[in-house]
Amino acid sequence: MDKENFFDRVFETARRIPVGRVTSYGAIAAYLGMKGSSRMVGYAMNASGDVFPPVPAHRVVNRNGMLTGKHHFPSPELMQQMLENEGVQVENDKVVEFKKLFWDPATAEL
DNA sequence: GCAATGACTGGAG
DNA sequence: CCTCCAGCCATTG
């Protein structure tokens, strides 16, 4: 697959997410200059399980901090489990302190 | 090339 | 904070 050029951008950005932090699809999309393609970011994450190294898709949630992609994991409860394992408190399928744990790739230091 | 789909987003209620 | 509607755009059939 050579057309993973688009996905690769999303993957690299997603891998830059620090542990214990989370970000939104729109943040990644906007950072890559594809603000309108926020859906494509999630679509790319769908292929994240087919690439290497693995992408921490569990740190990527929607703008509301909701674990919208948990259903796409090997186990729907795995996503929340890993987040809590990293110190991210999750409740009702959404990050509690999302606003506080929110990580923006644009404000991230190299 | 068109139609359908989707791990989204912003605005309005 | 939650729900509904419409817009966006790449991937797939």
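This one's a predicted model, so the numbers in the text were calculated from it and none came from an experiment. Below, read A as the first sequence line, B as the second, and so on, with proteins coming before strands; counting in each chain starts at 1.
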Which nucleotide wins on minimum distance to the side chain of [X], given the candidates [options]?
{"X": "A/F7", "options": "C/dT11, C/dC2, B/dA7", "result": "C/dT11"}
{"X": "A/A57", "options": "B/dA7, C/dC2, B/dG11", "result": "B/dA7"}
{"X": "A/F6", "options": "C/dT11, C/dC2, B/dA7", "result": "C/dT11"}
{"X": "A/S37", "options": "C/dC9, B/dT9, C/dT11", "result": "C/dC9"}

Is the shortest side-chain heavy-atom distance between [X] and [Y] below 4.5 Å?
{"X": "A/T68", "Y": "A/Y25", "value": "yes"}
{"X": "A/R21", "Y": "A/F102", "value": "no"}
{"X": "A/V96", "Y": "A/V90", "value": "no"}

Exercise. Checking side-chain hydrogen bond (donor to acceptor under 3.5 Å, both in side chains) for the pair A/E86/A/H58: CA distance, chi angles, key distance, verdict?
Worked result: CA-CA 10 Å; A/E86 296 185 354; A/H58 59 274; 3.2 Å; yes

If I take atom [atom1] in residue [X] and atom [atom2] in nucleotide [N], what distance separates them, rounded to the nearest angstrom?
{"X": "A/F98", "N": "C/dC1", "atom1": "CZ", "atom2": "C1'", "result": "14 Å"}
{"X": "A/R63", "N": "C/dG7", "atom1": "CZ", "atom2": "C1'", "result": "14 Å"}
{"X": "A/D8", "N": "C/dA10", "atom1": "CG", "atom2": "P", "result": "17 Å"}
{"X": "A/D93", "N": "B/dA7", "atom1": "CG", "atom2": "P", "result": "15 Å"}
{"X": "A/M34", "N": "B/dT9", "atom1": "CE", "atom2": "P", "result": "13 Å"}
{"X": "A/E77", "N": "B/dA7", "atom1": "CD", "atom2": "P", "result": "19 Å"}
{"X": "A/K70", "N": "B/dC8", "atom1": "NZ", "atom2": "P", "result": "14 Å"}
{"X": "A/N46", "N": "C/dC9", "atom1": "CG", "atom2": "C1'", "result": "16 Å"}

Seminar exercise, completed: Smallest heavy-atom separation, A/M79 atom then A/V60 atom, equals CE-O, 3.6 Å

For this session: Check whether the side chain of A/R39 and the base of C/dC9 form a donor-acceptor pair under 3.5 Å.
Result: no

For this session: Confirm from the modelled atom types if A/Y43 and C/dA10 form a donor-acceptor pair under 3.5 Å, side chain to base only.
Result: no

Exercise. According to a strict under-4.0 Å criterion, is A/T68 in side-chain N/O contact with OP1 or OP2 of B/dC8?
Worked result: yes

Exercise. Are OP1 or OP2 of C/dC2 and a side-chain N or O of A/K94 less than 4.0 angstrom apart?
Worked result: yes

